[in-house]
S.K.: 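After the structure tokens below, expect a handful of questions from me.
Chain identifiers are assigned alphabetically (A, B, ...) following the order of the sequence lines, protein sequences preceding nucleic acid strands; residue numbering begins at 1 within each chain. No experiment lies behind these values; they were computed from the predicted model shown.
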Amino acid sequence: MTLSSAEPDYLSENWCGLKWSSWVKHKNFRNDSAHLPKFPGLYRVRVIDGDSLVYIGQTGRTVRKRQSELIVYLKDPEKMPFNDPHTAAPNLWAWADAEGFEFESSGAFFEGTKQDREGMEAYLLWQYRLESGNSTQCNFGRFHEDYLKSRNKSSGFRGGKLTGGEKNAAGGPSAPPLRLKADGMPADPDWMNLSWSEPEILNKENLKEIPGEPALYRIMNRKCSDVLYIGQTKNARARLTTHSKYDWEEEVLFSVYLLPGVSDSDSASDPDIGSVLSDFPTNKSVLLYTHQLKELENDLIGAYYGHFRRVPKFQIRK
DNA sequence: CTCAGGCGGTGCGTTGCTTT
DNA sequence: AAAGCAACGCACCGCCTGAG
């Protein structure tokens, strides 16, 4: 520990205007869980005394209870837990198994609807990506590259360590965070420094020219004064076609940002992916990983939330 | 009473099977 | 081959309930 190294904002007890609890070591959960809010809210997980976050989540029950679902990975060091009831549990199990990591959580009360909480979660994830330059390694479907993830209990499929040098693509690098241009508005043609396509009416004719490729997309009202929905897809034409049949309560426009192809299985493929991605999004010559699509979509939703303190009208409804 | 675990539901997107 | 549509998969949540 050096006096000169300032604590990152994302570890502070008032990060992003919330009131964060002290850190509760998972090992001591029985005794110390009372420090976690017994309210709905947000939570963050890190390696004990670590300088980065591994997971950010939200819950509408109590932060305390949600952590109790997370710590099931401690039960059996021989068996990776299932994906339910907490999708990050297999993740923590894998990192503990691979590196011997131990984890702790801190929570914050948050008042608001489910949409508000999820918007705030997206905002925190985006802020973390901006502050640290990386994603939390257990969000967005990311996973340890040497392990396969368990699926839900009902499937009976339990993950574990990969053998024979196989690599899990979900262990690939995170995409560099999208940055807000000063005074940028979500409906702008260059919002978040992306070159969005000219907004067009969302109908079959206009979708004919949209390629079946990975993309981020926005759906906007007719006046382009608001963004109603933000999404990501591996196939822009197909996804937007289904949106074109949805009742938007008015005629709407769409605008896309096309991405390079997505590489799923293995594809340790591109040796240059790290270096080329540093030029992203300008340089589109490289394949994207599935989790990177989700990271970028999250950046957009987080930035929208940061601006309006609500999510787009048709996002996370109900 | 509290709380962990079970269970069904929801939002969001993909896959795969028909029909044109 | 493309379009239309239903089934599926995933990652969560919230409610209920029985055990302590």
S.K.: What is the distance, to the nearest angstrom, from the CG atom on Asp116(A) to the P atom on dC13(C)?
M.R.: 15 Å
S.K.: Could you go step by step and tell me if Phe143(A) and Tyr147(A) meet the ring pair (Phe, Tyr, Trp, His ring centres under 6.0 Å) rule?
M.R.: CA-CA 7 Å; Phe143(A) 209 68; Tyr147(A) 291 78; 7.2 Å; no
S.K.: Quick one: what's the B/S/- string for nucleotides 4-9 of chain B, heavy-atom cutoff under 4.0 Å, read 5' to 3'?
M.R.: BBB---
S.K.: Would you verify whether the NZ or CZ of Arg142(A) falls within 45 degrees of the ring axis of Phe140(A) while also being under 6.0 Å from that six-membered ring's centre?
M.R.: no
S.K.: If only side-chain N and O atoms of Tyr217(A) are considered, is one of them under 4.0 Å from the OP1 or OP2 phosphate oxygen of dG13(B)?
M.R.: yes
S.K.: For residues 22-30 of chain A, which side-chain N or O atoms pair as donor and acceptor with protein atoms under 3.5 Å away, sequence neighbours left out?
M.R.:
from     : atom 1 : to        : atom 2 : distance (Å)
His26(A) : ND1    : Tyr73(A)  : OH     : 2.8
His26(A) : NE2    : Ser105(A) : OG     : 2.7
Lys27(A) : NZ     : Glu102(A) : OE1    : 2.9

S.K.: Write down the distance between CZ (Phe140(A)) and P (dA11(C)), rounded to a whole number of angstrom.
M.R.: 13 Å
S.K.: According to a strict under-4.0 Å criterion, is Lys208(A) in side-chain N/O contact with OP1 or OP2 of dA3(C)?
M.R.: no
S.K.: Please give, in whole Å, the distance from dG9(C) P to Phe82(A) CZ?
M.R.: 16 Å
S.K.: Distance alone, cut at 3.5 Å: any donor-acceptor contact between the side chains of Arg158(A) and Ser150(A)?
M.R.: no
S.K.: Using a 3.5 Å cut-off and no angle test, enumerate the donor-acceptor pairs between side-chain atoms of residues 45-55 of chain A and protein atoms at least two apart in sequence or in another chain.
M.R.:
from     : atom 1 : to        : atom 2 : distance (Å)
Arg46(A) : NE     : Glu104(A) : OE2    : 2.8
Arg46(A) : NH1    : Gly50(A)  : O      : 3.3
Arg46(A) : NH2    : Glu104(A) : OE2    : 3.0

S.K.: Does dT14(B) have its OP1 or OP2 closer than 4.0 Å to a side-chain nitrogen or oxygen of Thr233(A)?
M.R.: yes
S.K.: Nearest whole angstrom, please: distance from the C1' of dG4(C) to the CG of Leu240(A).
M.R.: 16 Å
S.K.: Counting only side-chain heavy atoms from C-beta out, which of dC12(B), dA11(C), dG4(C) sits nearest to Arg239(A)?
M.R.: dC12(B)
S.K.: Mind running side-chain hydrogen bond (donor to acceptor under 3.5 Å, both in side chains) on Tyr229(A) and His243(A) for me, showing each step along the way?
M.R.: CA-CA 10 Å; Tyr229(A) 188 89; His243(A) 277 310; 4.6 Å; no
S.K.: Measure the distance from CZ on Phe39(A) to P on dC13(C) and round it to the nearest whole Å.
M.R.: 18 Å
S.K.: Does Tyr55(A) have a side-chain nitrogen or oxygen under 4.0 Å from the phosphate oxygens OP1 or OP2 of dA11(C)?
M.R.: no
